[in-house]
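Single-structure report; data block below.
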Amino acid sequence: MKVLAAGVVPLLLVLHWKHGAGSPLPITPVNATCATRHPCHSNLMNQIKNQLTQLNSSAKALFILYYTAQGEPFPNNLDKLCSPNVTDFPPFHANGTERARLVELYRIIAYLGASLGNITRDQKVLNPSAHSLHSKLNATADVMRGLLSNVLCRLCSKYHVAHVDVAYGPDTSGKDVFQKKKLGCQLLGKYKQVIAVVAQAF
Amino acid sequence: MRSMVDDARIPKPGFWSNWSSWEEADAQNSLGHDPLLVFPKDKLVEEGSNVTICYVSRIHRDNISCYLEGVQIYGEQLDRSVSAFELKNVSFIRKRGTNVFCKVDQGGALGGIVLFVSKVLEEPKDFSCETQDLKTLTCTWDPGSDTGLSKQPSQSYTLFESFSGKKTLCKHRNWCNWQVAQDSQETYNFTLVAENYLRKRSVSILFNLTQRVHPMTPYNLFPKNVGATNATMTWKVHSIGNNSTLLCQLELLAEGKVIQQHNVSIKVNGEYLLSELEPDTEYVARVRCAYTNHFWKWSELISQKFNTAEAAPSEAPDVWRNMKMVSGHPTVSLFWKPLSKVHANGKILFYNVIVENLDKPSRLEVLSIPAPTRSTELTLDQCSYQIHVTAHNSVGPSPASVIVISGDPGNEEVESGRVNGTEDGFSVSWKPQSGDATGYVVEWCDGPQDLPCALQWKNLGPNTTSTVISSGAFRPGVRYNFRIYEISAKRMAHLLEKKAGYLEELAPSDNPQVVMSNLTSHSFTLSWKDYSTESQPGFIQGYHVYLKPKAGEQCPPAFEKTVLPEDSLCCKHTIDNPEQKTFVVENLQPESVYEFFVTAYTSVGEGPLDAFTKITTLDEYSHILIRIILPMIFCVLIVMIICYLKHQWLKEKCYPDIPDPYKSSVLSLIKSKENPHLTIMNINDCVPDAIEVINKPEGSKIQFLGTRKSLTETEFTKPAYIYLLPTEKNYSGPGPCICFENFTYNQAASDFASCGHFPVTPQAPPHQLGPLTSPENLLKALEQNYMNSLGEIPAGEANLNYVSQLASSTSGDKDSLPTNPPEPALCSEYKMQMVIPLGLASAPPSENSSLSSTTLLGQGEHYR
């Protein structure tokens with residue numbers, strides 16, 4: 001329940017109930033089989049590509065900003081504390097069909113969005129004065145929300161996929177502070193690695 | 001483990017429970033999947049505590065090291081896989097905690113924790129409660145340090161009242177409101193509890209509500225009925241309960257200082273009459289109030305400015321005068337000082353000057369001078385006058401200041417003295433002259449002498465014989481002159497003494513401009529009469545005359561050797577009379593170079609070391625030479641003047657224009673040295689070989705007359721030229737030499753002289769041909785030639801004709817001859833001057849009697 005309350009629920013609320021940045025423009029008529037709130041943009045794939053490029057270009061800076069803010073031993077022990085060995089991270093196959101790639105992308109972004117929400121929440125408590133890190137985390141989460149919406153729109157409008165099963169990462173709220181820092185660092189390291197592959201695939 | 005009840009409602013001290021029994025745990029089991037476990041996790045401790053940190057390693061290795069803030073820490077190894085580190089007296093580092101981590105060396109596992117060190121929670125200080133209206137209590141305190149961390153929120157504050165048993169959680173760190181109960185509870189016992197995760201601190205106060213009344217700030221403070229010396233102040237206060245009385249304090253401030261303080265008891269409206277105020281003065285009134293039943297605190301102050309009204313000036317202006325004669329009339333300059341604010345009682349608008357003649361009854365003269373003018377000038381006659389000066393503001397005049405002016409300025413001569421300046425000013429003293437003096441006045445100018453005088457004066461009482469004159473305008477090195485006047489019973493001023501002085505004497509800033517005179521071989525005189533001793537930055541005590549003699553020479557008598565600042569030796573003579581401004585330097589060596597320099601000195605020192613002036617003494621015989629040379633020059637001048645006046649006579653005698661061959665010494669010289677038989681050439685001996693006349697038409701002369709053009713303008717067409725053809729074979733020139741027609745000579749003679757015409761002397765430039773170039777002159781010349789040819793030549797000219805002896809070598813440019821007079825050229829030949837009898841000149845030339853000039857010159861010399 002804590003997972004839902006702290007990380008995932010806010011994300012889903014934002015995705016499905018909030019008007020805001022990242023939502024596709026209402027141009028095409030609503031497909032009856034898919035329950036999207038707005039018609040999808042005709043140039044949706046370009047938007048998805050641009051958003052992936054944007055995330056890829058900022059991922060490294062976010063990673064550096066994060067581990068620097070955690071203090072020693074993080075900056076000098078990246079291999080031990082920030083290695084991207086996240087076991088339950090959703091897979092991605094770059095050589096799959098567009099539909100399969102979009103479905104995998106949806107799962108990845110959903111996973112990342114929830115984890116990013118946890119990291120943002122934790123860092124506001126653990127590093128209340130790291131304003132630039134907070135700002136970067138929020139900006140990344142914003143783009144991810146837009147991307148998730150676009151991917152869902154694309155899946156719905158073109159492939160009539162109205163529902164994708166997603167998995168989320170472990171909730172960090174019960175972890176100790178050092179573990180929170182470490183999990184966040186590992187997640188951002190994984191994100192930096194995966195987003196490069198995904199952006200290349202599209 | 002043990003426990004204790006911790007509640008504010010339970011009185012301290014509490015009691016601990018018994019310890020629980022020991023439990024055994026397996027360290028390896030707590031590892032889980034981690035290869036290295038560091039614990040305790042997220043440890044929160046207070047500053048100054050001791051903390052023990054342990055690690056459990058899955059593998060039994062010794063190469064595990066632990067760090068705190070990047071610094072390795074060393075602990076106790078409990079067994080091969082468990083170690084403990086005790087951190088003693090930990091200090092606060094940061095709010096977000098400190099990473100403590102252990103890692104296996106060379107790329108092994110890494111585990112860590114975050115240690116949070118909190119500041120110690122302090123007991124709230126200055127805890128107090130008060131009320132402004134007996135309805136709400138406001139409790140305040142100093143919270144001390146914030147103990148908030150990432151792991152721990154800031155401490156909270158709870159207010160607990162023990163009599164009512166109520167408590168409230170305070171929303172602010174340093175104050176809290178408490179609503180007073182309606183049941184007229186008078187006594188309150190408050191406990192303030194500060195709390196964080198680690199500690200609780202509390203502080204209590206017990207008080208009676210009516211003893212903690214802090215009234216609100218009064219309002220509506222205004223002056224009412226403001227006069228010149230009094231004003232009524234009114235204000236209001238917020239009521240406290242029913243029929244409560246407040247004690248209010250009214251303060252009056254002038255220029256920031258409290259000058260009056262009054263206490264007034266009021267309920268709601270306050271009023272007080274302020275008196276003994278100064279007219280036209282700005283005041284500040286302020287009021288604060290306190291609860292009368294029990295004084296706890298004054299309220300905040302409320303202030304209000306106001307100005308009192310004006311009143312007539314209370315004191316006569318301080319007047320002084322300066323008398324001088326302008327165009328034979330006594331002129332009085334009256335000066336007065338502006339009244340001080342205390343005495344002006346308002347803005348002074350103008351001054352009235354009333355002049356009353358004391359010697360003869362006349363109408364009073366009244367002058368009104370607008371402020372802020374502080375002086376006026378009166379032209380009077382020889383009578384005595386009494387002058388009244390009053391200052392006026394909008395209310396009325398001041399008392400009059402009276403001064404009496406005598407008609408006779410009387411330029412009193414009094415002795416002058418000196419006065420010494422100190423840091424405090426000039427200490428001036430004087431001797432009273434008469435016993436009926438009503439006062440004394442010391443007068444001076446604030447500025448230097450060369451600036452316009454800003455007259456200053458100081459009035460002193462009749463029993464005063466000294467005073468200290470001080471002024472911010474006094475400067476070191478400036479001469480100040482003081483005059484002391486005695487004021488008689490008739491209010492007339494008499495000059496008593498004069499004094500001059502310097503606040504601080506300085507060395508002279510410039511040196512005298514020295515003039516050197518009376519230079520002889522043994523002495524010279526120096527003078528600096530223009531040097532003013534009065535305008536120097538100190539009393540001039542004398543002068544130093546420096547003299548640099550030539551190397552090795554001793555100082556003249558009256559000089560002594562001294563060393564200049566630049567370490568050069570010099571002779572010095574001291575003149576200790578400042579009025580002696582000349583000095584004769586004597587006993588010098590003739591024809592020697594000396595350098596001198598004169599400087600003045602004061603009690604502080606001498607003037608700046610300027611450049612020396614060089615001088616060379618005369619030699620001993622120069623005056624004798626002057627006695628000889630001057631008469632000689634005079635004689636030569638006389639001779640020159642005589643020569644100039646008689647130069648015509650001298651010319652005739654010594655170097656006539658036409659020399660007489662018979663008188664020529666050349667002839668005798670030639671005769672004696674070369675050819676004793678040589679005589680003056682006779683015209684009969686001069687037989688030319690041939691004469692060729694080239695195109696000499698008669699019309700050329702006619703053309704000149706007809707066209708009336710000048711000779712230089714008219715084309716000189718085909719003039720007559722006579723070529724003397726050479727007979728000698730050795731003559732190899734380009735052609736015969738040319739003889740030019742010379743109109744200045746006898747035409748007939750030149751025509752028959754077998755020698756060419758030559759217009760003028762070779763040196764004459766063309767523009768000097770004026771008299772001949774005009775047709776009239778030419779005609780006259782022709783007529784004269786004609787007349788001469790008829791034998792009408794004057795007696796002096798009848799016997800001799802002069803023929804030019806120069807011939808040009810340029811035969812091809814005949815036409816340009818008039819404008820280009822021939823000059824002695826390579827081809828010119830010198831011909832002996834001859835005297836030709838007129839009879840021969842008029843006779844036609846014959847071949848037999850002609851003599852070639854070439855032939856003649858062949859016996860003599862050729863000049864080329």
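The structure displayed is predicted, hence computed values, not measured ones. Within every chain, numbering begins at 1; the chains are lettered A, B, ... in the order of the sequence lines, protein sequences first and strands thereafter.
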(request) Mind checking the CD-OG spacing from A/Q123 to B/S150? Nearest 0.5 Å is all I need. (result) 9.5 Å

(message) If I take atom CD from residue A/E72 and atom CD from residue B/E69, how far apart are they, to the nearest 0.5 angstrom?
(response) 9.5 Å

(request) Residue by residue, scan residues 114-132 of chain B and write down, ordered by number, those that have a heavy-atom distance under 4.5 Å to chain A; if none do, write 'none'. (result) B/V114, B/F116

(message) Within the 4.5 Å heavy-atom criterion, are A/P73 and B/L110 side-chain neighbours or not?
(response) yes

(request) Taking A/D176 for its side chain and B/K41 for its backbone only, find out whether a donor-acceptor pair lies under 3.5 Å. (result) no

(message) Please classify the contact between B/K151 and chain A as side chain, backbone, both or neither, with a heavy-atom cut-off of under 4.5 Å.
(response) neither

(message) Atom CG of residue position B/N50 - does it have more than 12 heavy atoms of other residues, nucleotides or ligands inside 6.0 Å?
(response) yes

(request) Answer yes or no: are there more than 12 heavy-atom neighbours, outside B/K166 itself, under 6.0 Å from its atom NZ? (result) no

(request) Find the distance between CG (A/N127) and NZ (B/K95) and round it off to the nearest 0.5 Å. (result) 13.5 Å

(message) Using side-chain heavy atoms (C-beta onward) and a distance below 4.5 Å, is B/R96 in contact with A/L126?
(response) no

(message) Heavy-atom pairs under 4.5 Å with chain A - which of B/V100, B/L149, B/N99 has more of them than the others?
(response) B/N99

(request) Answer yes or no: are there more than 12 heavy-atom neighbours, outside B/E300 itself, under 6.0 Å from its atom CD? (result) no

(message) Are more than 12 heavy atoms, taken from residues, nucleotides or ligands other than B/M1, located less than 6.0 Å from that residue's CE atom?
(response) no

(message) Please report the interatomic distance CZ(B/F101) to NZ(A/K182), rounded to the nearest 0.5 Å.
(response) 13.0 Å

(message) Is it the case that over 12 heavy atoms from other parts of the model lie below 6.0 angstrom from the NZ atom of B/K43?
(response) no

(request) Side chain from CB out, backbone as N, CA, C, O: work out which of these in A/A130 comes under 4.5 Å of a heavy atom of chain B, or both, or neither. (result) neither

(message) Between A/Q179 and chain B, with a heavy-atom cut-off of 4.5 Å, which part of the residue counts as in contact: side chain, backbone, both or neither?
(response) neither

